[in-house]
Amino acid sequence: VRSIAFSPNGELLASGSTDNTIRLWQVATGRLLRTLEGHMGWVNSVAFSPDGKFLASGSNDGTIRLWRVADGRLVCTLEGHTGRVNSVAFSPDGMLLASGSNDGTIRLWQVTDGELLRTLEGHTGWVNTVAFSSDGELLASASSDHTIRLWRIEDGRLLHTFTQHTDRVWGVAFSPDGELLASASSDSTIRLWWVSDYTLLFLGKHGTAVRCVAFSPDGVLLASGSYARIHLWRVTDGNLLHTLEGHTSWVWSITFSLDAKLLASGSLDGTILIWEVK
């Protein structure tokens, strides 16, 4: 399982897998509701639109696909990347879709008609993850070139490059209030930055490479996934509160439900685990 995402109402969980499919699950029962097929490569990223009506997926086949959640119908296919699509993310208003690729670029698409609005260039390695700030004004990108870049959506301007990681950066996430930016790296650390002045708030350590990070919707917790482990950190002081164990391979994706009651994790061991945060 390469990627997971809760629907905005918390009733569905989408998962993208190395079997080239997307699966939609009922959270309450764990029942498989639908399998979406069409990609010709691994599905590396899935994201629900803010209204929950659409699901975007990015794949090793170089395409982004937009699906209608109600019936699983393919709405459109976005093409243009020359490498694998590693990450997709909707803007908070649902009007834009960002994608990050092995071709080193980030692309911004208009959701209504699939038009390519802008291509952001500058990374010298794979773009592994993209994430919008909560106000939709900023986009962060994590790359195998060891950097995180912060872009302004309005004009595509590069605002800052974070260079402190010493290995590939796999995950990046904004806090719900947009004031903090978290990153996960193969250097076995997570880092938490102030967006306003780009300074480091705290650094947390795993025993192995860290593949993903996610804030709880209330901004109190930060989750990070590595090999077979998930760490839960308190954002205010960086204290490690809990270590969740159950997976037997890399935890590639983690996400909180919007009510902050559940945490879902997807792993290369082929399983999805759902945890009660309390």
Side-chain angles (χ1 to χ4, degrees), residues 87 89 91-92 98 100 106 120 122-123 125 127-153 157-227 229-244 251-260 263 265 275 277-278:
S87 181
S91 60
I106 300 125
L120 307 179
H123 280 296
V127 179
N128 297 315
T129 305
V130 290
F132 281 95
S133 60
S134 56
D135 59 10
E137 295 182 0
L138 303 176
L139 186 80
S141 54
S143 173
S144 291
D145 65 11
H146 304 184
T147 72
I148 304 132
R149 297 191 179 221
L150 199 61
W151 313 83
R152 188 165 62 190
I153 293 298
R157 179 186 166 202
L158 176 64
L159 299 178
H160 186 72
T161 302
F162 297 88
T163 60
Q164 288 85 343
H165 280 296
T166 59
D167 207 331
R168 290 170 289 181
V169 187
W170 293 103
V172 68
F174 281 97
S175 61
D177 61 10
E179 294 184 358
L180 300 173
L181 186 70
S183 56
S185 171
S186 281
D187 65 13
S188 301
T189 71
I190 61 162
R191 296 176 190 239
L192 195 60
W193 320 83
W194 288 107
V195 174
S196 58
D197 60 6
Y198 317 128
T199 57
L200 185 67
L201 176 61
F202 82 75
L203 178 149
K205 293 185 178 181
H206 279 259
T208 57
V210 193
R211 299 294 187 178
C212 50
V213 285
F215 281 95
S216 61
D218 56 12
V220 173
L221 300 176
L222 181 71
S224 54
S226 61
Y227 189 86
R229 289 184 176 181
I230 300 155
H231 285 346
L232 285 179
W233 311 82
R234 188 164 54 206
V235 171
T236 52
D237 56 14
N239 278 350
L240 177 60
L241 301 178
H242 296 285
T243 297
L244 310 180
V251 178
W252 211 266
S253 183
I254 47 178
T255 182
F256 286 90
S257 59
L258 288 188
D259 61 8
L263 175 72
S265 54
W275 314 79
V277 175
K278 68 178 180 180

Those residues that, when tested against [X], pass side chain to side chain contact (heavy atoms under 4.5 Å, CB included) (two or more places apart):
X: Ala182; result: Leu192, Val213, Phe215, Leu222
X: Val220; result: Ser216, Asp218
X: Ser186; result: Asp167, Arg168, Trp170, Ala209, Arg211
X: Thr208; result: Ser226, Tyr227, Trp250

side-chain hydrogen bond (donor to acceptor under 3.5 Å, both in side chains) partners of [X], counting only residues at least two apart:
X: Asp197; result: Thr199
X: Ser183; result: His165, Trp193
X: Ser257; result: Asp259

Please confirm whether the backbone N or O of [Y] pairs with a side-chain atom of [X], one donor and one acceptor, at under 3.5 Å?
X: Asn239; Y: Leu241; value: no
X: Asp145; Y: His123; value: no
X: Arg191; Y: Leu200; value: no

Give, for atom [atom1] of [X] and atom [atom2] of [Y], the distance between the pair rounded to the nearest 0.5 Å.
X: Lys205; Y: Ser188; atom1: NZ; atom2: OG; answer: 9.5 Å
X: Leu221; Y: Leu232; atom1: CG; atom2: CG; answer: 6.0 Å
X: Leu181; Y: Leu150; atom1: CG; atom2: CG; answer: 6.5 Å

Modelled atom types, side-chain donor and acceptor of Ser144 and Asn128, under 3.5 Å: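 Distance-only check passes for Ser144 and Asn128.
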Please give me the minimum heavy-atom distance between [X] and [Y], naming the atom from each residue.
X: Val130; Y: Ala98; answer: CG2-O, 3.9 Å
X: Ala89; Y: Phe132; answer: O-CE1, 3.3 Å
X: Pro176; Y: Ser134; answer: O-OG, 2.9 Å
X: Val235; Y: Leu201; answer: O-CD2, 4.2 Å
X: Ala214; Y: Ile254; answer: CB-O, 3.6 Å
X: Phe256; Y: Pro217; answer: CB-CD, 3.6 Å

Is there a side-chain contact between [X] and [Y] in this structure, where contact means two heavy atoms from C-beta onward sitting under 4.5 Å apart?
X: Trp252; Y: Cys212; value: no
X: Thr163; Y: His146; value: no
X: Phe202; Y: Asp237; value: no
X: Val195; Y: Leu180; value: no
X: Ser224; Y: His206; value: yes
X: Glu179; Y: Trp194; value: yes

Decide side chain to side chain contact (heavy atoms under 4.5 Å, CB included) for Ile153 and Glu137; before the verdict, give the C-alpha distance in whole Å, the side-chain angles of both, and the deciding distance to 0.1 Å. CA-CA 5 Å; Ile153 293 298; Glu137 295 182 0; 5.8 Å; no
Non-neighbouring partners of His160 that pass ring pair (Phe, Tyr, Trp, His ring centres under 6.0 Å), sequence neighbours left out: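 Ring pair (Phe, Tyr, Trp, His ring centres under 6.0 Å) list for His160, sorted by chain: Phe162, Tyr198.
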All ring pair (Phe, Tyr, Trp, His ring centres under 6.0 Å) counterparts of Trp233, not counting sequence neighbours: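 Partners of Trp233 by the ring pair (Phe, Tyr, Trp, His ring centres under 6.0 Å) criterion, ordered by chain and then number, come out as His231.
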Sort out for me which residue in Thr129, Val172, Val127 forms a side chain to side chain contact (heavy atoms under 4.5 Å, CB included) with Ser87.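 Going through Thr129, Val172, Val127 one by one, the side chain to side chain contact (heavy atoms under 4.5 Å, CB included) with Ser87 is satisfied by Thr129 alone.
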